[in-house]
> 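Please find one structure pasted underneath; my questions will follow.
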Amino acid sequence: MSKKVRVRFAPSPTGGLHLGGVRTVLYNYLFAKKHGGDFILRIEDTDQTRYVAGAEEYIFNCLQWTGLIPDESPAHAGKYGPYRQSERKPIYRQYAEQLVKDGHAYYAFDTPEELEKMRSDFKTEHNPSPQYDHTVRKKMRNSLSLTDAETKQLLDAGTRYVIRIKMPENETVSFTDMIRGEVSFDTSVVDDKVLLKADGMPTYHLAVVVDDYLMKITHAFRGEEWLPSAPVHVLLWKYLFGLNEMPQWAHLPLILGPNGKLSKRDGAKYGFPVFAMSWIDPKTNELTEGFKEKGFLPEAFINLLALLGWNDGTEQEIFTKEELIEKFSMDRVHSGGAKFDYEKAKWFNHEWIKKSEAGSLKSEVRSLFSTNGINVDDDNLLEKVIGLVKDRCTLLTDFVQQGSFFFQQPQQYDLDAIKPKWNDAKRKFFESFTEELNTIPEWKSAFIEDAFKKLAAIQNIKPGELQLPLRIMLVGGKFGPPVFEIAEILGAGETSARMNKTLSLL
RNA sequence: GGCCCGUUCGUCUAACGGUUAGGACAUCAGAUUUUCAUUCUGGUAAUAGGGGUUCGAUUCCCCUACGGGCUACCA
């Protein structure tokens with residue numbers, strides 16, 4: 001009987017959660033749910049110098065919005081807590097010490113200045129970034145280059161030190177990646193990564209292995225940028241817990257911007273969101289707009305992210321979360337990086353808005369209206385309006401432009417669209433049409449249209465020439481649903497008022 | 001520089017040795033719509049290059065080129 005699937009997403013709470021992060025969450029979540037497993041959120045906050053207020057709460061908000069809710073996390077109690085690495089600090093040291101004892105790691109006393117000196121001393125044209133590896137470790141101050149007595153003395157004196165992994169000199173480390181197949185590395189070109197920092201906190205390398213073990217993680221998915229350090233993690237598994245216990249790895253392809261790995265900068269530069277939700281940097285107060293605030297539906301956001309690097313082998317592109325759970329499989333994840341295409345992202349959103357029920361869009365649209373100064377109290381009217389205009393909305397924010405004229409008079413009139421062909425005959429038509437409004441048998445679009453056309457025929461004007469002016473009068477611009485349906489919703493009084501108002505402007 | 005990963009239309013991708021190389025976004029043209037969208041029809045557009053293996057390579061192998069990632073007491 002195989003073990004229960006357990007996967008984790010382990011972000012570092014240092015700022016906005018971007019596309020790639022959410023996609024990693026998504027693939028973790030889908031995989032877990034598909035296999036009836038657990039999805040764990042673990043906060044990787046081992047770098048105290050990078051603490052950012054509010055970042056953790058922000059991550060929870062993003063998960064809430066996307067609907068990818070963890071089974072275990074700092075906010076969802078589980079048996080394997082704590083789920084914040086800073087609160088697990090005491091756990092890690094013993095493993096690092098164990099490695100030293102077994103000869104797989106060592107104490108290093110080099111100060112930051114000494115490390116910097118080493119890098120500049122060894123730096124050459126051929127080797128622009130020297131590593132702390134088997135070729136230099138003997139020249140540094142550590143328990144490998146010093147005698148046991150010297151080491152003990154330094155330790156006893158309370159000298160600051162780190163624990164580094166001792167990479168073997170000539171081994172090939174390989175493992176099978178679920179997406180890439182077998183990947184192998186020569187250990188002689190991997191450096192002696194720090195495992196335990198001078199402040200007693202583990203680095204990512206130690207923490208990820210220890211926590212994945214302790215939390216019984218069965219499958220570990222992360223971005224491709226982690227691939228180069230995978231041999232360190234594999235070795236740590238081998239030394240500490242045995243390779244049989246190691247989770248199966250999958251390194252997800254990167255999501256690229258126009259120039260390499262997608263970054264916050266790309267968003268600002270090319271005008272599309274990168275973060276799931278808006279993020280305000282507490283230090284600079286700089287606001288970075290998110291997909292949510294830009295007007296994306298969470299369903300669409302998840303859908304487009306899922307398809308960025310995965311497909312189910314058919315030509316289907318629109319998937320609900322349930323369908324994704326059912327159909328997702330890691331072996332259909334593409335191995336190459338994917339360039340993010342904002343145009344296609346918008347298409348997904350448009351599709352989702354079109355297929356959404358007007359009722360389900362109501363609360364979002366209502367709050368959008370209210371932030372734009374329009375308070376809607378008629379629920380039925382709102383739903384009717386949404387149903388009428390949603391095909392024209394690519395982003396949720398488009399509802400403001402497409403729908404607000406139903407609730408308030410247009411702020412501006414595109415009179416230039418009328419003026420060139422305006423004449424006294426048309427003015428006369430509208431004046432008499434305004435007066436005839438109350439003779440229309442029932443205030444329904446068909447009757448209104450009928451009366452409109454009859455009057456046009458009597459006055460010998462082509463109705464086509466009158467429809468655009470009518471639209472401008474009611475809507476303010478050249479957009480919106482069929483004009484007589486608008487009039488129906490507006491009501492006779494308002495329709496007449498808007499016609500008169502515009503007439504006075506012409 | 002070194003190491004690792006990758007490479008099918010502009011973009012996301014399908015084709016797990018045999019297809020007229022398929023779909024979607026974008027784009028262009030047309031139809032519908034007396035606004036704008038929606039909808040519909042059609043078009044342009046790709047296997048990076050060179051060697052192998054094979055009766056046959058988009059598909060397998062090698063080399064080159066290109067792209068990307070990593071190269072911190074950051075994750």
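Throughout, protein chains are lettered first and strands after them, A, B, ... in sequence-line order, and every chain is numbered starting at 1.
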> When rounded to the nearest Å, what value does the distance between P atoms of U59(B) and G2(B) take?
28 Å
> OP1 or OP2 of A75(B) sitting under 4.0 Å from any side-chain N/O of Thr203(A)?
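Indeed not, no polar side-chain atom of Thr203(A) lies that close.
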> As a test of reading the structure: which of G1(B), A75(B), C73(B) is closest to the side chain of His126(A), going by heavy atoms?
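The answer is G1(B), which lies nearest to the side chain.
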> Before accepting this row, confirm whether a basic side-chain N of the pair Asp45(A)/Arg50(A) lies closer than 4.0 Å to the acidic partner's carboxylate O.
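So Asp45(A) does not pair with Arg50(A) through a salt bridge.
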> With a non-hydrogen cut-off below 4.0 angstrom, is Pro463(A) in contact with a base, only sugar-phosphate, or nothing?
base
> Any idea how Tyr342(A) and Phe340(A) line up, ring-wise: parallel (<30°), tilted (30 to 60°), or perpendicular (>60°)?
tilted
> Determine whether the aromatic ring centres of residues Trp352(A) and Phe296(A) are separated by less than 6.0 angstrom.
no
> Are Arg164(A) and C73(B) close enough that a side-chain N or O sits under 4.0 Å from OP1 or OP2?
yes
> Give one of base, sugar-phosphate or nothing for Gln131(A), where a contact means two heavy atoms less than 4.0 Å apart.
sugar-phosphate
> Which part of the nucleic acid does Leu304(A) contact within heavy-atom distance under 4.0 Å: base, sugar-phosphate only, or nothing?
nothing
> OH/Tyr58(A) to OG1/Thr14(A) distance, rounded to the nearest 0.5 angstrom?
11.0 Å
> Have a look at Gly309(A) and say if it touches a base, only the backbone sugar-phosphate, or nothing, with a 4.0 Å heavy-atom cut-off.
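It contacts sugar-phosphate atoms only.
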> Report the nucleotide, chosen from U39(B), G22(B), C3(B), that has the shortest atom-to-atom distance to any side-chain atom of Val189(A).
C3(B)
> For Val162(A), which contact category applies under a 4.0 Å heavy-atom criterion: base, sugar-phosphate, or nothing?
base
> Does C73(B) have OP1 or OP2 sitting under 4.0 Å from an N or O in the side chain of Arg50(A)?
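Answer no for this pair, as no side-chain N or O of Arg50(A) is under 4.0 Å from OP1 or OP2.
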> Check if the side chain of Lys344(A) and the base of A24(B) share a donor-acceptor pair of N or O atoms closer than 3.5 Å.
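Side chain to base: pair found, below 3.5 Å.
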> Would you kindly compare His205(A) and Leu308(A) by the position of their nearest RNA chain B nucleotide and give the one closer to the 5′ end?
Leu308(A)
> Pick base, sugar-phosphate or nothing for Arg222(A), based on heavy-atom distances below 4.0 Å to the nucleic acid.
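Answer is nothing: Arg222(A) stays at 4.0 Å or more from every strand.
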> Should the ring pair Phe221(A) and His219(A) be called parallel, tilted or perpendicular, given that the plane angle runs from 0 to 90° and is split at 30 and 60?
tilted
> Given U35(B), A15(B), A24(B), identify the nucleotide with an atom nearest to the side chain of Trp347(A).
A24(B)
> NA contact type, Pro253(A), heavy-atom cut-off 4.0 Å: base, sugar-phosphate, or nothing?
nothing
> Could you tell me whether His350(A) contacts a base, only the sugar-phosphate backbone, or nothing, with contacts defined as non-hydrogen atoms closer than 4.0 Å?
sugar-phosphate
> May I ask which nucleotide in the shown strands pairs with U8(B), Watson-Crick or G-U wobble, both distances under 3.5 Å?
none
> Describe the nucleic acid contact of Thr46(A) in one word from base, sugar-phosphate, nothing, applying a heavy-atom distance below 4.0 Å.
sugar-phosphate
> Pairs under 3.5 angstrom, nitrogen or oxygen only, protein versus nucleotides 4-10 of chain B, please.
unit_1, atom_1, unit_2, atom_2, d
C5(B), O2', Arg180(A), NH1, 2.5
C5(B), O2', Glu224(A), OE2, 2.9

> Does A72(B) have OP1 or OP2 sitting under 4.0 Å from an N or O in the side chain of Lys197(A)?
no
> Please confirm whether the shortest side-chain N or O distance from Asn127(A) to OP1 or OP2 of G1(B) is below 4.0 Å.
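Answer is no, no contact under 4.0 Å.
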> Which nucleotide in the set U38(B), C12(B), A14(B) lies at the smallest distance from any side-chain heavy atom of Lys354(A)?
U38(B)
> Between G69(B), C74(B), U71(B), which one does the side chain of Ser129(A) approach most closely?
U71(B)
> Using purine N1 to pyrimidine N3 plus N6-O4 or O6-N4 for Watson-Crick, or N1-O2 and O6-N3 for G-U wobble, both under 3.5 Å, which nucleotide pairs with A29(B)?
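When the pairing criteria are applied, U41(B) turns out to be the nucleotide that pairs with A29(B).
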> Students often get this wrong, so: under 4.0 angstrom with heavy atoms, is Pro231(A) touching a base, only sugar-phosphate, or nothing?
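Touches nothing.
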> May I ask you to say what Ala198(A) touches in the nucleic acid, namely base, sugar-phosphate or nothing, with a heavy-atom cut-off under 4.0 Å?
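Contact class for Ala198(A): base.
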> Have a look at Lys261(A) and say if it touches a base, only the backbone sugar-phosphate, or nothing, with a 4.0 Å heavy-atom cut-off.
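Since only primed, P, OP1 and OP2 atoms lie under 4.0 Å of Lys261(A), the category is sugar-phosphate.
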> Remember a base hit wins even if backbone is also touched, and classify Asp199(A) as base, sugar-phosphate or nothing at under 4.0 Å, heavy atoms.
nothing
> On the six-membered ring of Tyr132(A), is Arg164(A) placed so that its NZ or CZ lies under 6.0 angstrom from the centre and within 45° of the ring axis?
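Satisfied, under 6.0 Å and within 45°.
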> Between U35(B), A75(B), G1(B), spot the one nearest the side chain of Arg471(A), thanks.
U35(B)
> Under a 4.5 Å cut-off applied to non-hydrogen side-chain atoms, are Val208(A) and Trp226(A) in contact?
no
> Establish, yes or no, whether the cationic atom of Lys426(A) lies under 6.0 Å from the six-membered ring centre of Trp422(A) and within 45° of the ring axis.
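Cation-pi check for Lys426(A) and Trp422(A): fails.
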> Among the candidates A24(B), U35(B), A72(B), find the nucleotide nearest to the side-chain atoms of Glu317(A).
A24(B)
> Show the nearest heavy-atom pair for residues Lys197(A) and Pro202(A), with the distance to one decimal.
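Scanning both residues completely, I find the closest heavy atoms to be CE-O, 3.4 Å.
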> Arg392(A) has a side chain; which of U34(B), C36(B), C73(B) sits nearest to it?
C36(B)
